[in-house]
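Protein chains get the first letters and strands the later ones, always in sequence-line order, with residue 1 at the start of each. All values derive from a computational prediction rather than experimental measurement.
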2 protein chains.
Amino acid sequence: MDRNGGRSPSGSPELRTTLLAAGHRCTPQREAVHEVLCEMRNHPTAEEIFRAVRSRMPAISLATVYNALESFESAGVCLKLTQGDGAARYDSRTDDHHHVQCVDCNRMFDVAGPPLAQWLASIDPRGEFELLGGRLVLEGRCPNCRRNA
Amino acid sequence: MDRNGGRSPSGSPELRTTLLAAGHRCTPQREAVHEVLCEMRNHPTAEEIFRAVRSRMPAISLATVYNALESFESAGVCLKLTQGDGAARYDSRTDDHHHVQCVDCNRMFDVAGPPLAQWLASIDPRGEFELLGGRLVLEGRCPNCRRNA
DNA sequence: TTAGATGCAAACTATTTGCGCAATT
DNA sequence: AATTGCGCAAATAGTTTGCATCTAA
């Protein structure tokens, strides 16, 4: 079983190992970004991560945060979630799960359901495409906003 | 059966009726955008639609195209497809179907498979969220790019 | 040692907005 | 007649890039 919610432990030597294996470097900035990302479980935007990490590393730049997140994504350390409107969101959970973005408050939530991998098998039955992945990001209304609607 | 591929007929009074019902106006510009969108079956971006519609209506502006597409989407006349990188793409097919965006050529393709509606039933089994919709946009490699890879 | 990362600022892309005029209902 | 949309240009948001310097491997 997954005793860690799909998250790689923060501040661990694992980040370094994984980044190196993917051909990236592990810098203090990246460690800081990773720690912050693992602490924030609300699917933060790059900007939000930037603000949070700047409080412990004031000299870091937004470009470096984007750079770090890109290296994480390419190393499989985090997920980049995109929904039409606004900014991309990042998730340190890398296991197969789904998301709902609330149409009212715009926040993004994890949602339970069968993994996408299970569905992918029934997509493109003729095998025309080499399917590499994809995330299911749904629209909906979160419990809180439903109450206030 | 769906003899029209999920597309509303172009240049028809249906567009007018549907827009009016949704509280929008039907202008010559919107009719032109709709016609072009129905002819382009390659999931064009707003920019591409703009260029195509400008050839028959040179004075139209990009902002008007965005405006038209937004009114179409809100009236259920077209779908707005978003994938993390780059521009949103528009589809005059509004029936439940899926898309793959090629990681090499960036074009977007229709792909066969069970409708999302069928899957939605198994998402969020506790009914915490009021699920309103969502589109499945997958990443993959298209037949043409596979051949040249 | 050296390829890759950093910080800064500027560039870029996609999209939205304010405004005065025109066209639709 | 009144409201909404149009075209234009400027503004915005999010993200990327160029460049000189620095640093992890």
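- Here side chain to side chain donor-acceptor pair (under 3.5 Å) pairs that include residues 98-109 of chain B, with residues two or more places apart or in two chains, are B/H43-B/H99, B/D91-B/H99, B/H97-B/H99, B/H99-B/D110, B/D104-B/R141.
- With rounding to whole Å, B/L19 atom CG is found 15 Å from D/dT4 atom P.
- Panel note: side chain B/R146, backbone A/E128; a donor-acceptor pair is recorded below 3.5 Å.
- For DNA chain C, the contact window with chain B, defined by any atom under 4.0 Å from a protein heavy atom, covers C/dA14 to C/dT25 in 5' to 3' order.
- The hydrophobic cluster containing A/V137 does not contain A/M40, counting ILVMFWY residues as joined when their side-chain heavy atoms lie under 4.5 angstrom apart, directly or transitively.
- Residues satisfying the side-chain hydrogen bond (donor to acceptor under 3.5 Å, both in side chains) test with A/T45, not counting sequence neighbours, are none.
- Enclosure of atom CD in B/E47 by more than 12 non-hydrogen atoms of other residues, nucleotides or ligands within 6.0 angstrom is indicated.
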* Structure fact -> The contact string for nucleotides 20-25 of chain D, one letter per nucleotide 5' to 3', using protein heavy atoms under 4.0 Å with B, S and - for base, sugar-phosphate only and none, comes out as ---BBS

Under 3.5 Å, sequence neighbours excluded: what are the donor-acceptor pairs made by side chains of residues 17-26 of chain B?
unit_1 : atom_1 : unit_2 : atom_2 : d
B/T17  : OG1    : B/P13  : O      : 2.9
B/T18  : OG1    : B/E14  : O      : 2.7
B/H24  : NE2    : B/S74  : OG     : 2.7

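- B/L136 belongs to a hydrophobic cluster with A/V100, A/F109, A/V111, A/L116, A/W119, A/L120, A/I123, A/F129, A/L131, A/L136, A/L138, B/V100, B/F109, B/V111, B/L116, B/W119, B/L120, B/I123, B/F129, B/L131, B/L138, counting contacts under 4.5 Å between side-chain heavy atoms of Ile, Leu, Val, Met, Phe, Trp and Tyr, direct or through other members.
- Applying the under-4.5 Å side-chain rule to Ile, Leu, Val, Met, Phe, Trp and Tyr, the cluster around B/V103 extends to A/L132.
- No side-chain N or O of A/R89 forms a donor-acceptor pair with one of A/N42 less than 3.5 Å apart.
- Residues A/T82 and B/T82 have side chains not in contact (no heavy-atom distance under 4.5 Å, counting atoms from C-beta outward).
- Projected onto DNA chain D by closest heavy-atom contact, B/R30 and A/G86 fall at different nucleotides, the more 5' of which corresponds to B/R30.
- Between A/C78 and A/L37 the shortest side-chain heavy-atom distance falls below 4.5 Å.
- We find that B/E35 and B/R56 are joined by a salt bridge, their nearest charged nitrogen and carboxylate oxygen being less than 4.0 Å apart.
- Direction of the helix axis in the helix from C/dT1-D/dA25 to C/dT25-D/dA1 shifts by 50° between the two five-pair termini, rounded to 10°.
- A/P115 is linked by a side-chain contact (heavy atoms from CB on, under 4.5 Å) to A/D96, A/Q118, counting only residues two or more places apart in sequence or in another chain.
- Contacts with DNA chain D (heavy atom under 4.0 Å) in residues 63-71 of chain A: A/A63, A/Y66, listed by number.
- Among residues two or more places apart in sequence or in another chain, the side-chain contact (heavy atoms from CB on, under 4.5 Å) test is passed with B/A46 by B/Y66, B/L69, B/Y90.
- Of the residues in residues 46-62 of chain A, A/A59, A/I60, A/S61 come within less than 4.0 Å of DNA chain C through at least one heavy atom, sorted by number.
- In this structure, the side chains of B/F50 and B/V33 stay at 4.5 Å or more apart for every pair of heavy atoms.
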